[in-house]
**Student:** 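Just passing along the structure, written as structure tokens.
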Amino acid sequence: MYIEYMNLLNYIHDNVKMKSEENLKRPVGILQLEINSEDIFDRSKISFILFSRVEGKFYYRLERDELLNICFYHSSPGTDTRVSSVNIEPLTGNDKINCTISWHPDSISLKIEGQNPKLLKQSTGIISDKKFRVDTDGNLVQIGDVGVRTMNVNIVENRKRTLQPTAIDAWNNTIEGINILISGESNNPETAHIYDVVNTNFIIVMLVTGFETYCKKRFIELEEEGIIVSIDKLFYEFISNRERDNGAVERIKTEASAKGISLLKKLIEENRIDFQNYERCKDAYNKGYNIVFGKSLNLKNTLLEQIQTNIKYRHKIVHVSAIDVILDRNKGLVFANKDYAQKAIAAFT
């Protein structure tokens, strides 16, 4: 594992000028930079940072590596760290080059333009081996590097968890664990059938737990990424009339301010929303972010019904039996087997 705290939180090289800097605070944007070539083509400089900026949980980085590539890194909890690279050697001889970086939840891009010779080079981004994250204290952390893979990274300082896997990382870790489980087999032919039953049942439990974890983490990440949350609607939905009359909202606001956290995080901290309860989870996203699971996410009702059914199966497995061969007797008999497990994995994914 490779983890390093970085000092370059907000930095811009002397030879770099920026336009549209206010876009850095948005999940979708474009930034233009003009780069003086005094150092940019100097091969004696192995690599150096041109631009580094933390904005909330977003991180932007532009660097020139030892191969004369300019690399644009973009990191956010919802997108992972992506990198887009352009080789600038064909632009040698330019006094300056113009650089345009753009980012969107679906993609990032880097465009490099020179005037002498007039040439435009561009590339789109890919997932980077080198990950950047911003911890709860606002520190920049590099996790992994080229050829160095890391997973399930947690950092705890003074008994305080400052970094933990993002929502999508936690989900991918769940799927990786499930894939290990589903690839196994019983060494005893007499128990091979019940082995598949137990495997399937525990996979359902893991999927539902992974669903709950993802939805809870992502709910917080959206606010950290600059998406406006309708906190008043959440208060109305998840704090009873009696509690509101007794000053619960004012207490939450006071305690959140004292701890230096958002009202949303305080609401989650008090476990007001049960994200394993499908209806409550759905209501939270609807009231908080105006996200309707089916319509907003373009998900079919049949898929959402599968999710709800598996949540029901999870409760039966945990509270009744983990070795029950039949998951449902009311739908033409649904059996716990590897085929059903694969369908459940696909639905949740």
Side-chain angles (χ1 to χ4, degrees), residues 1-9 27 53-61 73-83 105 127-145 148-181 205-227 229 234 255-256 258-277 280-281 284-285 288-289 291 348-349:
M1 184 182 295
Y2 177 91
I3 300 175
E4 180 183 357
Y5 279 87
M6 313 293 291
N7 293 321
L8 288 170
L9 286 175
R53 176 68 62 88
V54 169
E55 288 288 352
K57 293 297 181 179
F58 293 107
Y59 179 59
Y60 307 86
R61 179 187 185 99
Y73 291 90
H74 175 273
S75 175
S76 77
T79 63
D80 202 344
T81 301
R82 298 169 292 181
V83 60
I127 295 296
S128 171
D129 287 337
K130 182 161 57 176
K131 313 289 186 185
F132 295 104
R133 294 277 309 280
V134 181
D135 71 11
T136 56
D137 295 326
N139 299 311
L140 178 63
V141 184
Q142 179 183 330
I143 303 169
D145 210 332
V148 181
R149 182 170 180 249
T150 59
M151 61 181 294
N152 203 36
V153 174
N154 290 268
I155 298 178
V156 178
E157 292 184 280
N158 298 322
R159 299 185 179 180
K160 174 187 174 184
R161 192 184 301 275
T162 60
L163 193 73
Q164 56 185 315
T166 62
I168 193 62
D169 285 340
W171 174 255
N172 289 336
N173 291 339
T174 296
I175 293 300
E176 186 153 351
I178 286 172
N179 287 337
I180 292 171
L181 191 63
V205 172
M206 291 173 70
L207 286 169
V208 174
T209 302
F211 170 82
E212 176 189 18
T213 301
Y214 176 85
C215 289
K216 183 175 182 178
K217 283 176 174 284
R218 192 71 190 121
F219 200 70
I220 296 171
E221 288 174 358
L222 287 172
E223 182 189 44
E224 293 175 337
E225 293 176 2
I227 307 300
V229 59
L234 290 173
E255 293 179 3
K259 294 185 72 171
I261 62 175
S262 71
L263 295 176
L264 178 68
K265 287 184 179 178
K266 180 60 180 172
L267 198 68
I268 301 301
E269 189 180 85
E270 295 193 358
N271 295 314
R272 296 278 178 172
I273 306 170
D274 179 4
F275 287 94
Q276 197 176 99
N277 181 312
R280 302 304 276 163
C281 179
Y285 275 89
Y289 294 109
I291 293 174
F348 276 96
T349 299

**Student:** How long is the span from the CD atom in E212 to the NZ atom in K216, to the nearest 0.5 Å?
**Tutor:**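 Going from CD on E212 over to NZ on K216, the span is 7.0 Å.
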**Student:** Restricting to non-hydrogen atoms, name the atom on R82 and the atom on P105 that form the minimum distance, rounded to 0.1 Å.
**Tutor:**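 Between these two residues, the closest heavy atoms are NH1-O, 3.3 Å.
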**Student:** Working to the nearest 0.5 angstrom, can you tell me the gap between L207 CG and T349 OG1?
**Tutor:**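 Answer for the CG-OG1 pair, L207 versus T349, is 7.0 Å.
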**Student:** So K265 and E269, salt bridge (Lys or Arg N to Asp or Glu O under 4.0 Å) or not? Walk me through it.
**Tutor:** CA-CA 6 Å; K265 287 184 179 178; E269 189 180 85; over 6 Å; no
**Student:** Got a second to check how far I175's CD1 is from I178's CD1, nearest 0.5 Å?
**Tutor:**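 Output value for this atom pair is 4.5 Å.
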**Student:** When the aromatic ring centroids of F219 and Y289 are compared, is their separation below 6.0 Å?
**Tutor:**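 Centroid separation for F219 and Y289: below 6.0 Å.
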**Student:** Kindly say whether Q164 contributes a backbone atom to a donor-acceptor pair with the side chain of R133 at under 3.5 angstrom?
**Tutor:**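 Answer holds: yes.
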**Student:** Which heavy atom of T79 sits nearest a heavy atom of S76, and at what distance?
**Tutor:**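 Minimum heavy-atom contact is OG1-OG, 2.8 Å.
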**Student:** Looking only at heavy atoms, which two atoms of P27 and I227 are closest? And how far apart?
**Tutor:**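 Answer, listing the atom of P27 first, then I227: CG-CD1, 4.2 Å.
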**Student:** Nearest 0.5 Å, please: how far is CD in Q276 from OG1 in T213?
**Tutor:**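 Answer for the OG1-CD pair, T213 versus Q276, is 9.0 Å.
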**Student:** Output yes when a side-chain donor or acceptor of Q142 lies under 3.5 Å from a complementary backbone atom of G144, and no otherwise.
**Tutor:**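 Confirmed, Q142 side chain pairs with G144 backbone.
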**Student:** Is the Y59-H74 ring centre distance short of 6.0 angstrom?
**Tutor:**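 No, the ring centres sit 6.0 Å or more apart.
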**Student:** Side chains of E225 and F58, heavy atoms from C-beta outward: is any pair under 4.5 Å?
**Tutor:**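 Yes, their side chains come closer than 4.5 Å.
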**Student:** As an exercise, state the distance from CG of D274 to CZ of R280, rounded to the nearest 0.5 Å.
**Tutor:**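 D274 atom CG to R280 atom CZ measures 9.0 Å (nearest 0.5 Å).
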**Student:** Assess whether a salt bridge exists between K57 and E221, defined as any Lys/Arg side-chain N lying under 4.0 Å from an Asp/Glu carboxylate O.
**Tutor:**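 No, K57 and E221 are not salt-bridged.
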**Student:** Would you call Y285 and C215 a side-chain contact if the rule is heavy atoms closer than 4.5 Å?
**Tutor:**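 Yes, their side chains come closer than 4.5 Å.
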**Student:** Just wondering, do V134 and E224 contact through their side chains at under 4.5 Å, heavy atoms?
**Tutor:**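 A side-chain contact is absent here, since even the closest heavy-atom pair is not under 4.5 Å.
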**Student:** Apply the side chain to side chain donor-acceptor pair (under 3.5 Å) test between K131 and each candidate in T81, T166, D80; give the one that qualifies.
**Tutor:**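 That would be D80.
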**Student:** Compare all side-chain heavy atoms of D135 with those of L140 and state whether any distance is below 4.5 angstrom.
**Tutor:**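 Of all side-chain heavy-atom pairs linking L140 with D135, none is under 4.5 Å.
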**Student:** Is T174 reaching over with its side chain to a backbone N or O of G210, donor-acceptor style, under 3.5 angstrom?
**Tutor:**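 Flag not set: sc T174 to bb G210 has no pair under 3.5 Å.
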**Student:** Can you find a heavy atom in the side chain of W171 that is under 4.5 Å from one in the side chain of P165?
**Tutor:**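 A side-chain contact is absent here, since even the closest heavy-atom pair is not under 4.5 Å.
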**Student:** Measuring only between side-chain heavy atoms, which start at C-beta, is V229 closer than 4.5 Å to L234?
**Tutor:**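 Yes. Closest side-chain heavy atoms under 4.5 Å.
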**Student:** OG1/T209 to CE/M206 distance, rounded to the nearest 0.5 angstrom?
**Tutor:**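 The CE atom of M206 is 8.5 Å from OG1 of T209, to the nearest 0.5 Å.
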**Student:** Just so I know, are the side chains of K217 and I268 near enough to count as touching, which here means a heavy-atom distance under 4.5 Å?
**Tutor:**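 K217 vs I268: side chains apart.
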**Student:** Can you find a pair of side-chain heavy atoms, one from L163 and one from I143, that are under 4.5 Å apart?
**Tutor:**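 A side-chain contact under 4.5 Å exists here.
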